[in-house]
Amino acid sequence: MDSSRSVSSILEPAVAVRREEGESRPPVRRQVSGLDGLRGLAALYVVLFHCWLYTFPGYPSSSAPWWLDGLMFGRLAVVFFLVLSGFSLAISPARHGWRSGGVGEFLRRRAWRILPPYWAALAMSLVVSLFVVPASHFGPPTGSSVLVYGLVLQDVFTAPTPNGAFWSIAVEAELYVVFPLLLLVRRRLNAVALAVGVTLPVVVGGLLAAGSNPVEGDNWLTPHLAPVFVAGMVGAGVVVASDRIRRLPWAWFALLTALPVLALIALRGGVWTVHHYFWIDLAIAPAMAMLIAAVATGRPALLVRLLTTRPVRSLGDFSYSLYLIHLPIVMTVIRRVAPHFVSPGLPTFGFTLTVALPVSILTAWTFSRLFELPFKRNRSWKSLMARGRSRLTGAPAGDLTGTPAGDRRPLHEEQIRHV
């Protein structure tokens, strides 16, 4: 088979691929099994990372036992979130000729989906940071913190943070703004042009930096992380590709692509890795995209079965809430509760896992029912208020999608879930 034709089959949208005789288009499914499970496990790893981080001081040189070193790579879990975000957001456009369905409507849906729970988590974090335990080495939050974090501008401006996990929310928000432009490049040109156009300037900038390794601060991370988001977008093309492409061993491709990066991390150690995240992020993103593509195509079956079990799938349902609110809980347990019961170090870590982990999960589940699920299940304030009135009065809520009668089109799964 000609190599150029193979690349075209992977990268071009399904509507533009000329299929060979006897080759059928894969069935269009609105729900992609396993992606929620991936979100849930990634969020759980972030919680474990923060339990490790705030128990053992000196990051990235830590006093933790060596057998806990696998918990120190929380940054890579966030990178995985961004790859998964690009993948999930691109599935619906990929199925419709790489069109977003309108820039304004897309941005409205994204704001409706992520901002209400984020603002609720911000209020909670401000209270904890002001009255229980500061969340920043800059001290308690100030008025500038409320302004910067309320407007989701923490990737542009520096202010004492009320929640150290919030940095990635601003990165995602900025990527949402440029997502329609990225789709335009993908539609007008191709996936190669998109990936190269976004990644090459980042690589050149990194090579021109002092020591060829940019020193990253607390903000201005979006340009660096845009390529990992785009890697997910490119990977979404597999979902709408031909059956032949979908049946490729994407999980094995992911493993082979990740092995050199993992070997480098093992060889150079965690401290070196943390100081070179700029390059590690870019190197590991393709493997992450291939893994997500493998799960989206139903392989490996054992992994997909694990990801679709009820506990893992349920964890994915409120993974956004877990990411938003876990850190104030973890820090409160480590710095305010644990010292009264256990000694520092490993005993505190065990205590934190025993107390903070289940409390974070239970609180996140409750938080999601209050501040996340209502905005996933309703598309407008009118719909949300109608549902609320129906619960109070017992009357039918009417059309809860916020669309006129007769135009009740189902919402795509990738449009209603946090990515």
Side-chain angles (χ1 to χ4, degrees), residues 26-52 70-71 73-74 76-89 91-92 113 117 232 235-236 238-239 246-255 258 287-326 329-330 353-373 376-377 410-419:
V28 175
R29 297 180 299 169
R30 295 196 183 279
Q31 192 166 3
V32 180
S33 298
L35 299 193
D36 274 349
L38 289 173
R39 289 188 190 96
L41 294 179
L44 183 62
Y45 181 86
V46 172
V47 179
L48 295 175
F49 163 70
H50 283 135
C51 291
W52 173 90
L71 297 180
F73 304 108
L76 296 184
V78 178
V79 170
F80 184 79
F81 272 128
L82 293 173
V83 177
L84 183 55
S85 177
F87 189 99
S88 300
L89 281 178
I91 291 175
S92 181
R113 175 65 186 89
V238 173
V239 176
R246 289 168 56 86
R247 285 196 297 265
L248 289 174
W250 291 106
W252 286 107
F253 292 165
L255 179 61
M288 291 178 173
M290 292 178 191
L291 174 62
I292 298 168
V295 170
T297 56
R299 286 178 293 273
L302 181 62
L303 176 60
V304 175
R305 282 198 296 270
L306 170 65
L307 294 172
T308 53
T309 57
R310 185 171 181 178
V312 179
R313 190 178 67 249
S314 298
L315 184 65
D317 285 340
F318 61 91
S319 58
Y320 182 39
S321 292
L322 180 61
Y323 183 83
L324 289 174
I325 60 93
H326 77 276
I329 297 171
V330 169
L353 290 184
T354 303
V355 177
L357 182 59
V359 170
S360 295
I361 292 174
L362 180 60
T363 305
W365 181 87
T366 305
F367 182 93
S368 72
R369 264 59 189 168
L370 296 174
F371 302 109
E372 185 179 358
L373 287 183
K376 290 172 71 172
R377 293 171 174 170
L411 203 61
H412 288 187
E413 184 268 347
E414 58 270 16
Q415 292 174 344
I416 65 173
R417 300 197 184 280
H418 167 67
V419 288

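Just so it is clear, the values below take in all heavy atoms, side chains as well, and ignore hydrogens, waters and symmetry mates.
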Point to revise | Ser319/Asp36 under side-chain contact (heavy atoms from CB on, under 4.5 Å): CA gap, chis, key distance, verdict | key: CA-CA 8 Å; Ser319 58; Asp36 274 349; over 6 Å; no
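- Heavy atoms only, all atoms of each residue included: Pro300 and Ala251 are closest at CD-CB, 3.7 Å.
- Applying the side chain to side chain donor-acceptor pair (under 3.5 Å) criterion to Ser321, with sequence neighbours excluded, gives Glu372.
- Considering CG of Leu82 and CE of Met288, their distance stands at 9.5 Å, rounded to 0.5 Å.
- Residues Leu35 and Ser88 share a closest heavy-atom pair of CD1-OG, 3.7 Å.
- Residues Ser360 and Val330 approach most closely at OG-CG2, 4.2 Å, considering heavy atoms.
- Atom OG1 of Thr363 and atom CZ of Phe318 lie 10.0 Å apart (nearest 0.5 Å).
- A donor-acceptor pair under 3.5 Å is formed between the side chain of Thr297 and the backbone N or O of Ala293.
- The CH2 atom of Trp52 sits 8.0 Å away from atom CZ of Phe73, with the distance rounded to the nearest 0.5 Å.
- With sequence neighbours left out, Phe367 forms a ring pair (Phe, Tyr, Trp, His ring centres under 6.0 Å) with Phe371.
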Side-chain donor-acceptor pairs under 3.5 Å in residues 305-312, sequence neighbours left out?
unit_1: Thr308; atom_1: OG1; unit_2: Val304; atom_2: O; d: 2.7
unit_1: Thr308; atom_1: OG1; unit_2: Arg305; atom_2: O; d: 3.2
unit_1: Thr309; atom_1: OG1; unit_2: Leu306; atom_2: O; d: 2.7

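- In terms of heavy atoms, Leu322 sits closest to Ala43 at CD2-CB, 4.1 Å.
- Heavy-atom minimum distance, Val239 versus Ala296: CG2-CB, 4.0 Å.
- At least one donor-acceptor pair under 3.5 Å links the side chain of His326 to the backbone N or O of Tyr323.
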Check your understanding: side-chain contact (heavy atoms from CB on, under 4.5 Å) between Asp317 and Ser368: does it pass, once the steps are laid out?
Key -> CA-CA 9 Å; Asp317 285 340; Ser368 72; over 6 Å; no
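- We find the CH2-CG distance between Trp365 and Leu362 to be 7.5 Å, quoted to the nearest 0.5 Å.
- In terms of the ring pair (Phe, Tyr, Trp, His ring centres under 6.0 Å) criterion, Tyr45 has no residue partners (sequence neighbours excluded).
- With sequence neighbours left out, the side chain to side chain contact (heavy atoms under 4.5 Å, CB included) criterion links Leu44 to Leu315, Leu357, Ile361.
- Leu71 contributes atom CG, which lies 6.0 Å from atom CG of Leu48 (distance to the nearest 0.5 angstrom).
- Residues satisfying the ring pair (Phe, Tyr, Trp, His ring centres under 6.0 Å) test with Phe80, not counting sequence neighbours, are none.
- Although no hydrogens or angles enter the test, the distance criterion places no donor-acceptor pair under 3.5 Å between the side chain of Arg39 and the main chain of Ser85.
- Side chain of Arg313 to main chain of Gly34: no donor-acceptor pair is present (N/O by atom type, distance under 3.5 Å, no hydrogens or angles).
- Scored by the ring pair (Phe, Tyr, Trp, His ring centres under 6.0 Å) test, Phe253 finds Trp250 as partners (sequence neighbours excluded).
- For the pair Leu303 and Leu291, the minimum side-chain heavy-atom distance is below 4.5 Å.
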